[in-house]
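Order of the sequence lines sets the chain letters (A, B, ...), proteins ahead of strands, with each chain counted from 1.
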Amino acid sequence: MKHPVNYTLEKKEKHTGARLGKLETPNGTYETPMFMPVGTQATVKAMTPEELKAMGAGIILSNTYHLWLRPGSELIEEAGGLHEFMNWDQGILTDSGGFQVFSLADTREIKENGVHFKSHLDGSAQFLSPEKSIQIQNELGADVIMSFDECPPFHESYDYMKQSVVRTTRWAERGLEAHENWDTQGLFGIVQGGGYKDLRIQHARDLRSMDFSGYSIGGLSVGETHQEMYEVLEYTTPELPEDKTRYLMGVGTPAALIESVIRGVDIFDCVLPTRIARNGTTMTSKGRLKVKNATYKKDWRPIDEKCDCYTCRNYSRAYVRHLFNTDEILGVRLTSIHNLRFLTHLMEQIREAIRNDNLLDFKEAFFEEYGYNEPNARTF
RNA sequence: GGAGGGAUAGCGAAGUGGCUAAACGCAACGGACUGUAAAUCCGUCCUCUUUCGAGUUCGAAGGUUCGAAUCCUUCUCCCUCCA
């Protein structure tokens, strides 16, 4: 089948599994490895499309579940699709809603046909199935849509994980069948299996035998250590086709991005940069910097002296701190701009290092300055 | 001059005999955040101590009581009303 979303592998880094490539979508072609900012409710919180483009953002993420409940996928379809609705003319990827159903619904019932759960907005009974998720995503009209999967906790029992994974495979088949817009929307499958090597490998092979436009690795960054995550990647990415995109869902710490690229991942998404930005934490070349802290009261330096973002070119730590302390809306905007730019810039550097076959040197230099310990990064 | 009300920790404000080192809010300080129910959430917040704990508090001084932020006396300051 001819896909509307295609991956071209351009180069493999000499000493690692890192890949330099291009991801072609109906709304632009993007260099990978790439980080995708998250805009769950049809907006990357606090950012305008112009600002996102200025920082080098390519594809952004949005969410089936949230937009389905509000304002409704039919309304967005009526608006002319998600791109038109939110004034974003570059790539969009919608998550299937699987993660939301499993992460925020207390009361849910997973059945073969789909999942019964309660809306987080009003508690009303809802039902989401593979077909329903694809139908909604067809209405939303993103460039890349995701298969409806179950995302169990990493340390779920082997028996549970095994039956969950085969069900996710059956759901993947149903999603492929239900998808109607093969000319304008690529569909990605999602590999699950927790930390069980045989399940991961089997699931990757099962999905690989189906004609997806790309492949995701799901069920990570859900409570496991970084080391456990890296191990999963090491035996999972080799099972995925070389000529398709590998997407690691929900990962966004600088350390994990670098380590995952080394293990053959092409694209990422994560709420982390925008969420922590709104809470006053910034990512810098020297590690995390909590700009609200009193120590920056009279610090006239930019958040990151090595950063080229709008915030760092124009504002001091002292000023941004003041904005947070006075609860001014500009504060969260400035830190969001900075954090997103920090990650897009990091990915630019990673691509350059792959091009030059010195990714390991880059990694070492990066960690030397950034520090090896991310807050709460369980590294063993 | 007369009558009444009030003074509680950085600020605001509960508390009218023991369960009060003193609710709650704000400010301040620190932490968390990974396919976004998040401009959210969690701590600390009289002093000393890592903890246990010890010490000193509710305008001031004195008194009653086994025990007082809470009751009594005097004083200081603030507010309202009447002359």
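- Taking atom P in both B/U70 and B/G59, one finds a spacing of 8 Å when rounded to whole Å.
- Per the geometry, CG belonging to A/Asn325 stands 6 Å off P belonging to B/C29, to the nearest Å.
- Residue A/Asp304 forms a side chain to side chain contact (heavy atoms under 4.5 Å, CB included) with just one option from A/Lys286, A/Arg317, A/His345, A/His338, and that option is A/His338.
- For the C1' atoms, the distance from B/A32 to B/U49 is 27 Å, rounded to whole Å.
- On the P atoms, B/C66 is 23 Å away from B/A61, given to the nearest whole Å.
- Ranked by how close their nearest RNA chain B nucleotide is to the 5' end, A/Ile329 and A/Gly97 are led by A/Gly97.
- Judged by Watson-Crick or G-U wobble contacts below 3.5 Å, the nucleotide B/C77 has B/G6 as its partner.
- With a cut-off of 3.5 Å on both Watson-Crick or G-U wobble distances, the partner of B/C29 is given as B/G43.
- Closest to the A/Asn293 side chain, of the nucleotides B/U34, B/A39, B/G31, is B/G31.
- Rounded to whole Å, atom P of B/U34 lies 12 Å from atom CD of A/Glu224.
- A heavy-atom distance below 4.5 Å is not found between the side chains of A/Pro37 and A/Thr274.
- The separation of B/C78 from B/U8, taken at their P atoms, amounts to 15 Å, rounded to a whole angstrom.
- With no hydrogens or angles considered, a side-chain donor-acceptor pair links A/Glu150 and A/Ser164 at under 3.5 Å.
- For A/Thr40 and B/U36, the shortest distance from a side-chain N or O to OP1 or OP2 is below 4.0 Å.
- Here the shortest heavy-atom pairing between A/Glu180 and A/Asn138 reads N-OD1, 3.2 Å.
- Distance A/Glu328 CD to B/A39 P: 16 Å, rounded to the nearest Å.
- The pairing partner recorded for B/C19 is none, the criterion being a Watson-Crick or G-U wobble arrangement whose two distances lie under 3.5 angstrom.
- Judged by distance alone with a 3.5 Å cut-off, a donor-acceptor contact links the side chain of A/Gln192 to the base of B/G35.
- Which of B/G31, B/A37, B/G30 sits closest to the side chain of A/Lys290 comes down to B/G31.
- Summarising the geometry, the separation between CG on A/Leu257 and C1' on B/U34 is reported as 10 Å, rounded to the nearest angstrom.
- At a cut-off of 3.5 angstrom, the base of B/U34 holds at least one donor-acceptor pair with the side chain of A/His226.
- Here B/A38 presents its C1' atom at 14 Å from CZ of A/Phe99, a figure rounded to the nearest Å.
- No hydrogens or angles considered: a donor-acceptor pair under 3.5 Å links the side chains of A/Asp122 and A/Ser124.
- A heavy atom closer than 4.0 Å to some atom of RNA chain B occurs in A/Leu61, A/Asn63, A/His66, these being the qualifying members of residues 53-66 of chain A.
- A/Asp266 and A/Thr245 are not linked by any side-chain donor-acceptor pair at a separation below 3.5 angstrom, with hydrogens and angles left out of the test.
- Across B/G4 and B/U73, the matching P atoms stand 13 Å from one another, rounded to whole Å.
- Atom C1' of B/A13 sits at a distance of 41 Å from the matching atom of B/U34, rounded to the whole Å.
- For B/C24, the paired nucleotide is B/G12, the pair qualifying as Watson-Crick or G-U wobble because both relevant distances are below 3.5 Å.
- The partner of B/G1 is B/C82, judged by Watson-Crick or G-U wobble contacts that both fall below 3.5 Å.
- On the C1' atoms, B/A21 is 35 Å away from B/A39, given to the nearest whole Å.
- Remark: the A/Tyr319 side chain and the A/Asn314 side chain contain no N/O donor-acceptor pair separated by less than 3.5 Å.
- Following rounding to the nearest Å, A/Phe324 (CZ) and B/U40 (C1') show an atom-to-atom distance of 12 Å.
- Rounded to whole angstrom, the span from the CG atom of A/Leu93 across to the P atom of B/U36 amounts to 10 Å.
- Residues A/Asn113 and A/Arg174 bring a donor and an acceptor atom of their side chains to less than 3.5 Å of each other.
- A gap of 48 Å separates the P atoms of B/G35 and B/C19, to the nearest Å.
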Could you go through nucleotides 41-43 of chain B and list every protein N or O atom that sits under 3.5 Å from one of its N or O atoms, giving the distance for each pair?
none

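- Contact between the side-chain N/O atoms of A/Gln100 and the OP1/OP2 oxygens of B/G35 is not found at any separation under 4.0 Å.
- Note on A/Leu248: nothing from the nucleic acid sits closer than 4.0 angstrom, heavy atoms only.
- The stretch residues 267-281 of chain A touches RNA chain B through A/Asp269, A/Cys270, A/Val271, A/Leu272, A/Thr274, A/Arg275, A/Ile276, A/Arg278, A/Asn279, A/Thr281, each having a heavy atom within less than 4.0 Å of the strand.
- Between the P atom of B/G30 and the OH atom of A/Tyr296 lies a distance of 10 Å, rounded to the nearest Å.
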